[in-house]
Number of protein chains: 10
Amino acid sequence: MLFHVRMDVCIPHDVPAETAMKLKADEKTRFQQLQRSGQWRHIWRIVGQYSNVSVFDVASGSELHDLLLSLPLFPYMEITVMPLCRHPSSLHDDDR
Amino acid sequence: MLFHVRMDVCIPHDVPAETAMKLKADEKTRFQQLQRSGQWRHIWRIVGQYSNVSVFDVASGSELHDLLLSLPLFPYMEITVMPLCRHPSSLHDDDR
Amino acid sequence: MLFHVRMDVCIPHDVPAETAMKLKADEKTRFQQLQRSGQWRHIWRIVGQYSNVSVFDVASGSELHDLLLSLPLFPYMEITVMPLCRHPSSLHDDDR
Amino acid sequence: MLFHVRMDVCIPHDVPAETAMKLKADEKTRFQQLQRSGQWRHIWRIVGQYSNVSVFDVASGSELHDLLLSLPLFPYMEITVMPLCRHPSSLHDDDR
Amino acid sequence: MLFHVRMDVCIPHDVPAETAMKLKADEKTRFQQLQRSGQWRHIWRIVGQYSNVSVFDVASGSELHDLLLSLPLFPYMEITVMPLCRHPSSLHDDDR
Amino acid sequence: MLFHVRMDVCIPHDVPAETAMKLKADEKTRFQQLQRSGQWRHIWRIVGQYSNVSVFDVASGSELHDLLLSLPLFPYMEITVMPLCRHPSSLHDDDR
Amino acid sequence: MLFHVRMDVCIPHDVPAETAMKLKADEKTRFQQLQRSGQWRHIWRIVGQYSNVSVFDVASGSELHDLLLSLPLFPYMEITVMPLCRHPSSLHDDDR
Amino acid sequence: MLFHVRMDVCIPHDVPAETAMKLKADEKTRFQQLQRSGQWRHIWRIVGQYSNVSVFDVASGSELHDLLLSLPLFPYMEITVMPLCRHPSSLHDDDR
Amino acid sequence: MLFHVRMDVCIPHDVPAETAMKLKADEKTRFQQLQRSGQWRHIWRIVGQYSNVSVFDVASGSELHDLLLSLPLFPYMEITVMPLCRHPSSLHDDDR
Amino acid sequence: MLFHVRMDVCIPHDVPAETAMKLKADEKTRFQQLQRSGQWRHIWRIVGQYSNVSVFDVASGSELHDLLLSLPLFPYMEITVMPLCRHPSSLHDDDR
């Protein structure tokens with residue numbers, strides 16, 4: 001199943017710089033695991049924002065929830081989730 | 001350049017059924033041209049909505065504007081455009 | 001998979017009364033099919049609104065999309081979909 | 001009487017970790033009392049959010065207000081309440 | 001049980017004047033029945049709006065829903081419902 | 001003159017507990033003075049919120065402003081004011 | 001008593017031109033009566049909008065409500081009302 | 001004086017095609033007059049919208065209001081106006 | 001030129017009481033200078049809010065910007081500016 | 001490519017004054033580099049706000065993203081980006 005996820009990151013300015021840097025490094029590692037596994041199928045930066053637009057390919061909503069909760073930056077992100085499905089006009093059998 | 005585009009279609013209920021059907025057929029034809037050319041790179045339905053989320057891959061904002069205006073359903077769509085760029089954490093050199 | 005769906009119905013006042021009554025009767029029939037099949041698991045009226053809050057239990061987002069599109073009142077409804085999952089504190093193994 | 005309640009939890013990042021953990025443990029205990037008593041009839045997680053959607057079955061609005069105020073996380077939650085009633089098309093006599 | 005209800009009336013300008021006048025007269029009759037029965041406990045005009053703020057005193061949410069649906073202007077009103085309860089600081093035992 | 005006032009209380013979590021308790025006790029005392037004088041004519045809790053809906057009966061907007069500013073919790077409340085007037089359909093001469 | 005009133009006019013494009021012109025002429029006549037009487041104390045156009053910002057000086061909210069209802073364009077206006085009072089820092093005893 | 005103006009055009013679908021085309025041609029003529037006079041200093045299309053972002057250079061708010069009202073598409077546009085001034089960091093003496 | 005300005009003051013609760021009192025005294029002094037000069041032409045309190053609605057009479061947007069920036073409470077205010085002009089129906093030649 | 005960018009600056013009041021002054025001086029230096037290079041083509045202050053409206057002329061969305069991230073005040077700004085293109089009615093071949 002495909003989900004469209006937007007993540008807006010906002011780390012409060014009184015979080016110490018090292019803590020923030022550590023969080024971002026851990027986030028990158030976790031992200032790359034999920035990109036390699038194919039669950040985090042697409043990711044793009046939104047121009048001018050500390051935000052991304054992503055597409056996840058997972059077995060269920062529960063699996064997506066567990067993945068998102070496992071992100072080190074989860075406590076500092078506003079997350080918006082929209083379930084997607086194949087578009088009937090598409091020429092491709094399997095748009096992911 | 002990549003752009004994230006959301007289209008929400010709303011055909012007023014007093015548009016005659018044949019007109020609406022013709023518009024949708026023309027839209028599908030035009031969409032498939034743009035999908036084949038690679039300019040309309042991704043499309044997904046949003047579950048429960050007469051809406052899509054798409055990613056366009058075009059040379060400029062002007063090219064995108066001309067493509068969107070050429071859509072037969074343009075007068076009946078609310079369109080939201082966000083410029084995208086590559087995410088710095090991505091393992092892929094060229095995320096499109 | 002579980003989805004939380006809110007439907008706000010708005011039939012324009014210039015739709016003829018018989019057409020509206022027919023639509024509502026068809027909607028009821030279709031709803032009861034889906035309630036019997038277990039896919040439309042819960043439904044409640046929101047007090048004072050021509051709206052419902054529902055929980056669907058389906059195999060995927062695509063199945064939900066097809067069910068919603070099959071509703072006779074679909075063109076006259078604003079629909080909001082939220083994917084749900086089991087709450088970790090629940091005493092029940094299978095909250096549906 | 002049935003009420004639809006959405007709770008969005010937001011514990012500020014400067015609340016000490018132990019305090020937060022204690023609050024969550026107490027919340028879980030209180031929740032399970034209310035689930036056992038049948039007053040907190042349904043609960044689901046919203047995918048990707050530290051939020052739940054719930055249905056309460058109580059004698060009155062006052063009873064609901066007292067239950068919600070008794071939750072340890074009450075000061076850290078944004079709560080939205082909608083009164084519900086039986087849907088006239090339902091095949092069941094008693095949808096709860 | 002007490003409910004706070006706001007009603008914003010909007011009769012489209014192409015409804016014939018006699019139909020509108022008839023609707024308003026019927027609304028007034030129905031309102032006065034409910035005011036006499038004590039179910040429609042308070043009503044005030046909001047200055048400058050074709051709107052009212054009301055307090056209903058009913059046995060349940062279902063009873064309120066049925067009352068609101070019985071209003072002749074229901075199809076032309078946007079209705080907002082909030083359940084109320086006694087304020088703990090009040091000097092009165094029974095604030096209605 | 002009648003005014004509809006909604007007050008949403010939000011005491012920041014870093015205000016010391018005793019300060020908060022003192023503020024609430026003072027608020028209650030002041031509220032009861034104004035309830036006795038008849039200026040604070042109605043008050044109700046909104047179910048699930050640390051908020052009230054009230055009706056004030058005062059000589060002018062200036063009098064209301066001075067009353068609201070005199071509330072100990074004023075700095076911690078979001079206040080919304082709507083002027084009210086008698087509803088023309090009411091059976092009562094003097095709805096307050 | 002002083003009230004701040006914003007009026008946004010929106011005459012639907014299918015109202016016949018003569019009807020609209022008649023409404024506007026009647027509105028102007030009524031406005032000038034109220035300006036002469038001193039009840040409609042200030043009026044300004046908002047640049048680029050078919051809207052005005054006004055200050056009314058009336059005995060009560062009821063008087064304001066009756067004045068606004070008497071405006072020929074009332075059915076085509078969205079009206080926002082805010083009660084005002086004298087600012088404590090003002091050098092003038094009577095700011096109107 | 002400089003003003004930032006955004007115009008969102010929305011011609012209802014039941015306006016006859018010739019009327020719409022005539023309106024657009026007249027709008028273009030009027031726009032070019034104002035561009036030549038230097039009053040309509042900048043104009044850009046917003047990608048994907050039937051909207052423009054413009055900068056006007058006029059003697060006063062009144063002059064701007066009269067210009068905007070003189071636009072043939074004025075009745076079909078939502079207009080947002082923001083007054084601008086020179087930015088203190090700019091290297092240019094006269095940013096227009 | 002006339003501008004409509006709304007100022008909503010919000011001094012964070014951790015600003016020391018003396019600092020806040022000093023800011024308010026300085027604000028009052030500066031306000032009265034501008035009221036005497038005729039640039040701050042009108043000011044009113046909004047009932048129930050720590051906010052004012054004002055009308056400024058200045059030579060340009062730049063002059064207004066400099067005046068607003070010179071206010072001691074500027075860093076603690078949310079400010080909304082709307083350019084105004086004379087209303088064509090007004091009986092007065094010079095509404096300020 | 002042209003982009004319309006609005007930046008709203010909000011430096012929290014507990015950032016030390018020297019830090020804030022240093023940030024603003026660095027921001028000014030960086031801005032002037034980009035103004036000289038022609039990438040930051042237009043900038044205006046919005047009257048009454050600590051905000052600017054700007055037009056950037058860059059090769060791509062990625063270039064814009066990198067420029068915005070390089071701004072010393074980036075962590076304290078809310079940024080809104082809209083892609084622009086030439087307006088078809090413009091008399092100029094190259095509106096920048």
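Every value quoted in this text rests on a predicted model; they were computed, and no experiment measured them.
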Any side-chain heavy-atom pair of Leu64(H) and Pro83(I) under 4.5 Å
no
Give, for atom [atom1] of [X] and atom [atom2] of [Y], the distance between the pair rounded to the nearest 0.5 Å.
| X | Y | atom1 | atom2 | answer |
| --- | --- | --- | --- | --- |
| Met82(I) | Met82(H) | CE | CE | 14.5 Å |
| Ser60(H) | Met1(I) | OG | CE | 6.0 Å |
| Arg86(I) | His65(H) | CZ | NE2 | 12.0 Å |

Per-residue contacts, residues 2-36 of chain I versus chain H, heavy atoms under 4.5 Å
Phe3(I)
